[in-house]
Amino acid sequence: MDKNIPLTIAIPKGRLQKYTMTILEKGGIDCSALKAPSRRLIISVPGTKWRFLLSKPSDVPTYVEYGAADLGVVGKDTLLEGGKDVAELMDLKFGQCSLIVAVPEASGISDVKELDFNSRVATTFPFITTEYFNRHGIQAEVVKLNGSVELGPIVGLADAIVDITETGTTLLENGLIPIAEVARVSARLIANQVSYKVKHTSICQLMRRLQKALQTQNAGQEG
Ligand code: PRP
């Protein structure tokens, strides 16, 4: 049995963090230590096997791939972009949004096929974007940015963007409209490939609890 073997979970800082703590608590993991104001990046839950590692979201798969964390929570967009060797265990259903291609509304473009030859596309997801445009037979120059991608078309850096949209507010307020959906994304539970084998009992127990929490949540939403 592996029930007392320590387990480290990489928690994404930022917009997914609150939802991650909520689902983990529903799965029976005390997250109160994570809620206390602190700049510490490694936090153990006293008297339990659980340890949290607070990471920049895009680094979660790296910590998990190299075994610095056994488990992690990360957006499917980051997984698709990263190409890391991790086990994708569960769709946690929160953090739902779309990865889209958007253009300035004023461009009059309504389909990716209307983009000019060698259009410039700004994105924080160069791998996904290149793959998407190649798959659609569209020649595009992909420009990597690290955030505030919507700025690209406004300042003439790019003709289009590939980015995440959740409420659509950022697109709207920057005069952009979506013209294609690249992927639907949501948060995923991932595991280190070795940990998943060696700590299988504990990880499966957590997954069963999370599955149950998601079912209860869905039933609550439907009822
Ligand atoms: C994300 C994304 C969009 C925005 C979309 O940015 O890159 O800019 O949220 O959300 P909305 O559709 O609800 O307006 P984030 O706030 O994570 O910061 P970033 O631009 O620096 O990546």
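Both ligands and their constituent atoms are indexed starting at 1 by order of listing.
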Heavy atom of Glu173, distance to ligand 1 below 4.0 Å: no
Closest protein heavy atom to atom 13 (O) of ligand 1, given as residue, atom name and distance to 0.1 Å: Thr167 OG1, 2.6 Å
Pick from Gly14, Ser148, Cys97: the one approaching atom 20 (O) of ligand 1 most closely through a non-hydrogen atom: Ser148
Short N-O contact, Lys113 and Asp111, less than 4.0 angstrom: no
Residue and atom name of the nearest protein heavy atom (relative to atom 3 (C) of ligand 1), distance in Å to one decimal: Glu150 OE2, 3.1 Å
Atom pair CD1 (Ile154) and CD1 (Ile161), whose distance is rounded to the nearest 0.5 Å: 9.0 Å
Heavy atoms from other residues, nucleotides or ligands near CD of Glu114 exceed 12 (cutoff 6.0 Å): yes
Subset of ligand 1 atoms that lie under 4.0 Å from at least one heavy atom of Thr165: 12 (O)
Winner among Thr170, Ile164, Asp163 once heavy atoms are compared against atom 7 (O) of ligand 1: Asp163
Tyr63 OH: over 12 foreign heavy atoms closer than 6.0 Å: no
Atom 15 (P) of ligand 1 - nearest protein heavy atom and its distance: Arg15 NH2, 3.6 Å
Residue Lys144 excluded, over 12 heavy atoms near NZ under 6.0 Å: yes
Selection from Pro178, Gly168, Gly147, Ser98 by shortest heavy-atom distance to atom 22 (O) of ligand 1: Gly147
Within 6.0 Å of CZ in Phe94, more than 12 heavy atoms from elsewhere: yes
